[in-house]
Amino acid sequence: MEFIQIETKNKVATIKLNRAPANALSTGVIQEIDRALDQIENDNSIKVVVILGEGRFFSAGADIKEFTEVPDEKGFAELGKKGQDVFNRIEQFSKPVIAAIHGAALGGGLELAMSCHIRLVAEDAKLGLPELTLGLVPGFAGTQRLPQLVGVPKACEMLLSSKPISGKDAVTYGLANDAFPAEELFEKAYKMAGDFSEKSAVSIKYTLELLNYAKHGLYEKGAEKEQELFGKAFKSFDGQEGIAAFIEKRKPEFQDR
């Protein structure tokens, strides 16, 4: 990997963006994130993923210089699709993905963060989609995920004003789950990841799958799928172990099967 680092510890994998000075999301960075997901997905010892940025920023956005090398509108559509495909994969990933945002998550950086299941932010972080200041629009599904998280009126305001909001405001608007002093952010992210890692990988996978139905408004299909997965979870080894542990008043020993 040239632009990211992968570290694994205590069932948690870290994908660290490491492309100085601002961790801009070039095609190369996005491709390496995709490769990292391959590696993590096939490693049963990993149960949770944390994405963060090296240096001053989470990610200040897409690589604008790369845009100047795109020959035509078709090329831009292909560029957007590559980013959307990888971010869609994160959204649908079978293991929880936590974005730990410090400094700034702007443009493509925020679009990456919005595809994660959880967003934890530094209180003084800046989050926004400033594409309209360049005469552009977001290209990695930012216009679709932002309204899902903050509602259409607030998304409209954020997009048209192009002004970033603080980490504290991101929590208020529903864009982030929680905000912390910058020096505590990564510690809090890994604590949450550790808590998640104690759950059964089977029930985690099923839960994330079901949440995707709700996120896209497919409530009836989601409820129907829930009936199926409820039974599968109950009959799994971990389901039986969890019930036995509850009855016996002990901590369950899940085996992720």
Side-chain angles (χ1 to χ4, degrees), residues 1-9 12-119 127-131 134 136-146 186 189 193 205 208 212:
M1 300 288 188
E2 182 179 359
F3 304 121
I4 69 171
Q5 297 173 355
I6 306 173
E7 302 169 1
T8 303
K9 184 179 180 180
V12 178
T14 300
I15 297 177
K16 182 183 293 185
L17 308 178
N18 188 19
R19 185 171 184 250
N23 296 325
L25 297 180
S26 64
T27 299
V29 174
I30 291 173
Q31 288 174 339
E32 288 189 7
I33 293 173
D34 197 30
R35 287 169 52 197
L37 295 175
D38 284 338
Q39 180 177 323
I40 292 167
E41 190 169 39
N42 294 323
D43 188 338
N44 292 332
S45 70
I46 297 173
K47 298 181 70 171
V48 187
V49 184
V50 175
I51 299 181
L52 50 81
E54 177 69 26
R56 295 172 52 208
F57 301 105
F58 177 80
S59 172
D63 188 342
I64 301 299
K65 291 183 179 179
E66 188 176 60
F67 289 174
T68 63
E69 301 171 1
V70 179
D72 51 29
E73 292 181 11
K74 182 179 179 182
F76 277 101
E78 292 173 350
L79 183 67
K81 185 177 186 306
K82 289 178 182 177
Q84 288 187 19
D85 286 348
V86 175
F87 293 179
N88 287 343
R89 185 179 182 190
I90 294 172
E91 183 178 59
Q92 297 164 15
F93 208 56
S94 61
K95 303 176 183 184
V97 183
I98 301 170
I101 302 166
H102 76 292
L106 302 173
L110 181 56
E111 289 174 298
L112 168 61
M114 288 193 293
S115 72
C116 298
H117 301 116
I118 301 285
R119 282 160 297 284
L127 298 85
L129 296 173
E131 283 84 352
L134 302 175
L136 304 175
V137 298
F140 299 149
T143 60
Q144 304 306 301
R145 288 196 174 95
L146 186 62
F186 295 155
K205 178 181 178 180
L208 294 177
N212 268 312

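Hydrogens, waters and symmetry mates are skipped; everything else that's a heavy atom, side chains included, is used.
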Is any side-chain heavy atom of [Y] closer than 4.5 Å to one of [X]?
X: Val12; Y: Ile98; value: no
X: Arg119; Y: Leu127; value: no
X: Phe3; Y: Leu17; value: no
X: Leu208; Y: Pro96; value: yes
X: Leu136; Y: Phe76; value: no
X: Asn18; Y: Ile4; value: no
X: Leu112; Y: Ile90; value: yes
X: Val97; Y: Leu37; value: no

Got a salt bridge between [X] and [Y], using NZ or NE/NH1/NH2 to carboxylate O under 4.0 Å?
X: Arg89; Y: Asp38; result: yes
X: Asp85; Y: Lys81; result: yes
X: Arg19; Y: Glu32; result: no

Task: Stepwise side-chain contact (heavy atoms from CB on, under 4.5 Å) check, Leu25 with Phe87 - done: CA-CA 12 Å; Leu25 297 180; Phe87 293 179; 4.1 Å; yes
Any donor-acceptor pair under 3.5 Å linking the side chain of [X] with the backbone of [Y]?
X: Asn88; Y: Gln84; answer: yes
X: Lys82; Y: Ile30; answer: no
X: Glu111; Y: Pro138; answer: no

I need the minimum non-hydrogen distance between [X] and [Y], along with the two atoms involved.
X: Val70; Y: Gly75; answer: CG1-C, 3.4 Å
X: Ala24; Y: Val29; answer: O-CG2, 3.6 Å
X: Ala100; Y: Val50; answer: CB-CG1, 4.4 Å
X: Phe57; Y: Gly103; answer: CD2-C, 4.2 Å
X: Met114; Y: Leu129; answer: CE-CD1, 4.3 Å
X: Glu91; Y: Asn212; answer: O-ND2, 3.4 Å

TODO: Carefully, step by step, assess Phe93 and His117 under the rule side-chain contact (heavy atoms from CB on, under 4.5 Å).
DONE: CA-CA 9 Å; Phe93 208 56; His117 301 116; 4.2 Å; yes
Task: Glu7, CD: over 12 other non-hydrogen atoms inside 6.0 angstrom - done: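 Correct, the count exceeds 12.
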TODO: Decide if atom CD of Gln144 counts as having more than 12 heavy atoms of other residues, nucleotides or ligands within a radius under 6.0 Å.
DONE: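 Atom CD in Gln144 is not packed in, count stays at 12 or less.
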Rounded at 0.5 Å granularity, tell me how far [atom1] in [X] sits from [atom2] in [Y].
X: Gln39; Y: Thr8; atom1: CD; atom2: OG1; value: 7.0 Å
X: Ser59; Y: Leu52; atom1: OG; atom2: CG; value: 12.0 Å
X: Ile118; Y: Ile51; atom1: CD1; atom2: CD1; value: 12.5 Å
X: Ile15; Y: Cys116; atom1: CD1; atom2: SG; value: 8.5 Å
X: Asn23; Y: Phe58; atom1: CG; atom2: CZ; value: 9.0 Å

Task: Validation row, ring centre His102 to ring centre Phe186 under 6.0 Å - done: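 Centroid distance His102-Phe186: below 6.0 Å, so yes.
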- [ ] Return the set of residues passing side chain to side chain contact (heavy atoms under 4.5 Å, CB included) with Lys65 (not counting sequence neighbours), or none when no residue passes.
- [x]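 Applying side chain to side chain contact (heavy atoms under 4.5 Å, CB included) to Lys65 gives Asp63.
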